[in-house]
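Working notes, structure below.
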Amino acid sequence: MTTTPISPSLIATLPGHYYTDPEVFRLEQEKLFESMWFCAVRSADLDRPGAFRTVQVGRESVLITRARTGELRAFLNVCRHRGARLCTEESGEVRRTLQCPYHAWTYDLDGRLIAAPNLINMPDVDRVAYGLIKVSLREWLGYAWVCLADEPPSFEHTVMHAAVERLGDPAAIEHYGSERLALGRRITYDVRANWKLIVENFMECYHCATIHPELTEVLPEFADGYAAQYYVGHGAEFGQEIKGFTVDGSEGFATLPAVTTDQDRRYYAITIKPTVFVNLVPDHVILHRMFPLAADRTVVECDWLYAPEVVASGADVSKSVELFHRVNAQDFEACERTQPAMSSRAYREGGVLVPSEHHLGVFHEWLLSRLGDAGGGRDAGRLRDEGDARA
């Protein structure tokens, strides 16, 4: 099949196999999801000692629980005896201990081995050394982030820096106080598409005028094809007649207390690589967490967060939820429509990006640099050379 030369105004994308090849996905699990900070659970979901949730992070099941001291702990969800999965439920609550259902090895909420059949006859067994394998955990924005790496990268220089890089101000995201907000709604989407298609879709707005009529009504500048993330520090302004970030433009709720005048009536979007989207509007925050499960399947958990008094009052949040729920459904349908073509000979060499999508090219270069030569050093060189030629 003849390769079409890249026009000077266009940018090459990743080849199609990056979205379908199980080996590429395995490398992503190893070099991204299991090596970087991964947003796992909302801290408030584990609201009492013994509450737990299991989360798939790359190829590992991670168990997150609240200890008796009130702190969150994370462990590999694997019994140290014969490797049985310790907790088989996605979420739940235990009274004081975590017990393996296979041979009854029992651990306290700090991961220490405290009991096992005939353990008293094995005094040489170090109960700390044979405790659960700990996983690094940090809390930020009201969520628990975990990292499987033996030496995790700096949380400040990777996760938190993404917000600074996008907003241009270290304090900007703190004005929304998302760690103090309450969960108003959560919707889980099972998307039959590669996780990178979802990231790419979120980062650009070239498609907005085509598939997002409700969103472009609220944010008219999106109809021009330039996403908010195209500009450092820029927030898309609400339309002149729009009163709130709702499906019909009607009034929402009171502006969050610390949101500044400059942030009012604006929408900001942040991508925290590899799998988190943060959406900021004056009266609420929307946070997406992606859980890539296969090369062609991604579960997305989306939280709508409001001031505690809004949720406690039983206020109707449906109009604000419906706006971004429609955006999600429209986006995910587009990603699922794109996924089959990633295996087509027509996409063997990839596609192209228009100038307003140039930041997707930066995302591709970042991905290839993380995967290294094993992930396609040739493709990294090709994209870099084409970028130099355009410059």
Side-chain angles (χ1 to χ4, degrees), residues 33-34 37-148 152 178-188 287 289 291 293 299 301-305 308 311-312 314:
F33 315 136
E34 298 171 12
W37 289 99
F38 193 97
C39 189
V41 302
R42 182 153 177 81
S43 301
D45 288 350
L46 305 178
D47 59 353
R48 67 193 70 183
F52 71 85
R53 182 164 177 184
T54 58
V55 177
Q56 191 69 27
V57 180
R59 295 163 295 182
E60 295 282 3
S61 175
V62 176
L63 169 64
I64 303 169
T65 188
R66 192 168 293 279
R68 308 304 303 180
T69 58
E71 297 178 345
L72 292 179
R73 307 284 192 222
F75 311 98
L76 296 183
N77 188 19
V78 177
C79 179
R80 298 299 306 281
H81 172 223
R82 296 264 299 281
R85 181 156 291 190
L86 193 64
C87 292
T88 56
E89 300 294 327
E90 182 179 293
S91 61
E93 186 176 332
V94 296
R95 296 190 64 180
R96 293 185 177 277
T97 61
L98 300 159
Q99 186 175 82
C100 177
Y102 192 4
H103 295 97
W105 276 41
T106 304
Y107 307 85
D108 65 21
L109 297 177
D110 288 314
R112 180 175 177 271
L113 177 65
I114 58 172
N118 303 317
L119 184 60
I120 195 172
N121 297 324
M122 298 175 278
D124 59 315
V125 174
D126 187 324
R127 299 189 182 203
V128 173
Y130 283 90
L132 300 177
I133 301 297
K134 293 184 178 180
V135 172
S136 297
L137 184 149
R138 289 285 300 269
E139 291 187 74
W140 187 56
L141 301 181
Y143 287 79
W145 305 65
V146 299
C147 184
L148 299 181
S178 58
E179 69 280 0
R180 297 184 295 274
L181 301 183
L183 181 67
R185 187 74 56 85
R186 173 174 292 157
I187 300 178
T188 301
L287 191 139
R289 284 168 290 147
F291 299 89
L293 300 183
V299 169
E301 198 165 86
C302 186
D303 290 349
W304 282 260
L305 310 172
V311 176

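Since the structure is predicted, the reported quantities are computational estimates derived from the model, not experimental observations.
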Please test Trp304 against Ile187 for side chain to side chain contact (heavy atoms under 4.5 Å, CB included), starting from the C-alpha separation and ending with a verdict. CA-CA 9 Å; Trp304 282 260; Ile187 300 178; 3.8 Å; yes
Under 3.5 Å: donor-acceptor pair, side chain of Thr106, backbone of Ile114: no
Show your working on side chain to side chain contact (heavy atoms under 4.5 Å, CB included) between Leu305 and Arg42 and close with a plain yes or no. CA-CA 11 Å; Leu305 310 172; Arg42 182 153 177 81; 3.7 Å; yes
Work out which heavy atom in Ala144 is nearest to a heavy atom in Leu137; give both atom names and the distance. CB-CD1, 4.1 Å
Taking all heavy atoms of Trp37 and all of Trp145, pick out the closest pair and write down the distance. CZ3-O, 3.5 Å
If you round to the nearest 0.5 Å, how far is OH of Tyr130 from OH of Tyr107? 11.0 Å
Applying ring pair (Phe, Tyr, Trp, His ring centres under 6.0 Å), which residue pairs with at least one partner in residues 108-128 are found, sequence neighbours left out? none
Asp110 side, atom CG; Lys134 side, atom NZ - distance, nearest 0.5 Å: 6.5 Å
Could you tell me which non-hydrogen atom of Ile133 sits nearest to which non-hydrogen atom of Arg80, and how far apart they are? CD1-NH1, 3.4 Å
Looking at CG of Leu72 and CD of Glu139, how far apart are the two atoms once the value is rounded to the nearest 0.5 Å? 4.5 Å
Would Val135 and Ile64 count as a side chain to side chain contact (heavy atoms under 4.5 Å, CB included) here? Give the steps. CA-CA 9 Å; Val135 172; Ile64 303 169; over 6 Å; no
Do Arg66 side-chain atoms and Asp45 backbone N/O form a donor-acceptor pair below 3.5 Å? no
Leu63 backbone acceptor or donor facing Asn77 side chain under 3.5 Å: no
Check against side chain to side chain contact (heavy atoms under 4.5 Å, CB included), Tyr102 and Cys79: CA-CA 9 Å; Tyr102 192 4; Cys79 179; over 6 Å; no
Which residue pairs pass the ring pair (Phe, Tyr, Trp, His ring centres under 6.0 Å) test with at least one member in residues 68-98, sequence neighbours excluded? His81-His103, His81-Trp105
Residues Arg289 and Asp303 bridged, charged N to O under 4.0 Å: yes
So which atom in Pro101 and which in Arg85 form the shortest heavy-atom distance, rounded to 0.1 Å? CD-O, 3.9 Å
Hey, what do you get for OG (Ser61) to CD (Gln56), rounding to the nearest 0.5 Å? 6.0 Å
Backbone N/O of Ala51 and side chain of Thr65: donor-acceptor pair under 3.5 Å: yes
Please report the interatomic distance CG(Leu109) to CG(Leu132), rounded to the nearest 0.5 Å. 10.0 Å
So, for Val55 and Ala40, which heavy atoms are closest and what is the spacing to 0.1 Å? CG2-O, 3.9 Å
OG on Ser136 to CZ on Phe38, rounded to 0.5 Å: 15.0 Å
Check: Val146 and Val41 side chains under 4.5 Å, non-hydrogen atoms: no
Does Arg96 CZ have over 12 foreign heavy atoms under 6.0 Å away? no
Looking at Cys100 and Ala84, what are the two nearest heavy atoms and their distance? SG-CB, 3.7 Å
